[in-house]
Amino acid sequence: MLVSKPIRFTVAIDGPAAAGKGTVAKGLADHFGFSHLDTGLLYRAIAVKALVGEDPITAANELVASDMTSQTLQSPKVARMASKVAVIPQVRAALLAFQENFASQDGGAVLDGRDIGTIICPEAQIKIFITASAEIRAKRRYDELQSKGLETSYDEVLRDVKERDERDMTRKDAPLKPAHDAHILDTSGLSIMASLQKAIDITSTAFVKAMKI
Ligand code: DC
């Protein structure tokens, strides 16, 4: 009798703002049929509540799935606040169990964020740290905001990207950094399709090995 064993396979994607990790993570999940969690949405959902005066720690403890669907989550103001609430250790602690459970579900999971390979899933079979120069990331984010009709300037976006990098990389709790065993993928000179293909190649090799296909 052929017994198919459940797939337990976690892909951890980390990197700074607008490096392309969201698109690569989603593309990888679609390619392999895994579930995908954009962990930035958790911090953004808390930021939305903090911006209207809620205590971020209470907001983190009471977070529900529907908080992650609001249109306002994508605004630069929310991104800035998300980076600020993410500094608070109790906020990060409140989100830990949900992310760990998501990562270990049957069927495979891709999570993207800042601390996935280092803190949330140190045992992930594949870790990819996606990066690009601040100028290229700012240009991509500027084009994206323009296409959504959001008023901003390139200089403002660049300033935001650098400020967020600094805060995310220098905070005490779970700072943004590549895990020691992460593959580094610099997307500066790559199209989104080429970046995704590289991530698929890296993951395929490990997946075949893990599943002993
Ligand atoms: O990935 P993003 O731009 O949506 O993330 C918004 C902010 O949330 C980011 O600047 C820092 C924080 N964040 C974090 O600290 N840890 C994560 N795993 C994901 C996001």
Side-chain angles (χ1 to χ4, degrees), residues 10-29 36-51 56-57 59-60 63 67-103 109-122 124 127-132 134 136-138 140-145 148 150 152 156-179 182 185 187 195:
T10 310
V11 184
I13 311 252
D14 290 300
K21 60 185 188 308
T23 316
V24 168
K26 183 160 188 328
L28 267 184
H36 170 226
L37 178 65
D38 169 0
T39 64
L41 290 182
L42 304 172
Y43 294 91
R44 285 174 184 256
I46 295 163
V48 168
K49 292 177 182 242
L51 284 167
I57 300 172
L63 206 64
D67 293 332
M68 260 83 77
T69 53
S70 156
Q71 278 299 315
T72 55
L73 293 175
Q74 296 309 327
S75 81
K77 194 168 139 194
V78 170
R80 220 171 292 139
M81 183 54 107
S83 167
K84 290 181 185 169
V85 300
V87 172
I88 306 168
Q90 294 94 320
V91 165
R92 307 199 71 82
L95 303 177
L96 192 66
F98 174 74
Q99 295 175 87
E100 285 173 345
N101 286 339
F102 189 95
V110 182
L111 290 86
D112 71 274
R114 304 289 188 290
D115 60 341
I116 310 302
T118 50
I119 306 287
I120 307 293
C121 310
K127 300 177 186 177
I128 306 178
F129 190 86
I130 301 191
T131 188
I136 285 178
R137 290 185 286 123
R140 288 178 187 160
R141 186 49 54 89
Y142 172 71
D143 289 346
E144 187 189 328
L145 293 170
K148 289 181 180 159
L150 289 165
T152 186
E156 193 183 341
V157 177
L158 179 61
R159 205 167 43 241
D160 257 14
V161 159
K162 287 185 171 169
E163 200 183 288
R164 210 137 65 90
D165 282 358
E166 171 74 14
R167 195 181 301 112
D168 293 348
M169 291 190 295
T170 58
R171 68 181 175 223
K172 268 217 174 83
D173 196 12
L176 167 67
K177 63 175 179 194
L185 178 53
T187 65
S195 310

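Ligands are counted one by one from 1 in listed order, and the atoms in each one are counted from 1 as well.
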At what distance is the nearest protein heavy atom to [atom], and which residue and atom is it?
atom                    : result
atom 6 (C) of ligand 1  : Arg164 NH1, 3.4 Å
atom 1 (O) of ligand 1  : Arg114 NH1, 2.9 Å
atom 12 (C) of ligand 1 : Ala86 CB, 3.7 Å
atom 16 (N) of ligand 1 : Arg92 NH2, 3.1 Å
atom 4 (O) of ligand 1  : Arg44 NE, 2.6 Å
atom 8 (O) of ligand 1  : Tyr43 CB, 3.4 Å
atom 19 (C) of ligand 1 : Thr39 OG1, 3.4 Å

Q: Compute whether any side-chain donor of one residue and acceptor of the other, for Ser83 and Arg167, lie under 3.5 angstrom apart.
A: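 Checked: Ser83/Arg167 side chains pair up, N/O donor to acceptor below 3.5 Å.
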Q.
Can you confirm whether the side chains of Arg140 and Thr23 place a donor and an acceptor under 3.5 Å from each other?
A.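 On atom types as modelled, these side chains do not qualify, holding no pair under 3.5 Å.
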Side-chain ion pair, [X] and [Y], N-O less than 4.0 Å:
X      : Y      : result
Arg159 : Glu156 : no
Glu166 : Lys162 : no
Arg92  : Asp115 : yes

Q | Arg167, portion touching ligand 1 at heavy-atom distance under 4.0 Å | A |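 Neither; no heavy atom under 4.0 Å.
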Q. At under 4.0 Å between heavy atoms, which part of Arg80 makes contact with ligand 1: side chain, backbone, both or neither?
A.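 Neither; no heavy atom under 4.0 Å.
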(Q) Any non-hydrogen side-chain atom of Leu145 less than 4.5 Å from a side-chain atom of Pro76? (A)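 Yes, side chains in contact.
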Q) So is Asp112 polar-close to ligand 1, meaning N/O to N/O under 3.5 Å? A)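 The answer is no, given that Asp112 and ligand 1 share no N or O pair closer than 3.5 Å.
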Q) Does Asp168 reach ligand 1 with a nitrogen or oxygen that is under 3.5 Å from one of the ligand's nitrogen or oxygen atoms? A)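 Between Asp168 and ligand 1, an N or O pair is found under 3.5 Å apart.
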Q) Which ligand 1 atoms, with their elements, are less than 4.0 angstrom from a heavy-atom of Lys21? A)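 By the 4.0 Å cutoff, the relevant atoms are 1 (O).
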Q: Quick one: pull up CD1 in Ile13 and SG in Cys121 and give me the separation to the nearest 0.5 Å.
A: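 Here the rounded value is 11.0 Å.
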Q: Search all heavy atoms of Met68 against all heavy atoms of Leu73 and return the closest pair with its distance.
A: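 Nearest heavy atoms, Met68 then Leu73: O-CD1, 3.2 Å.
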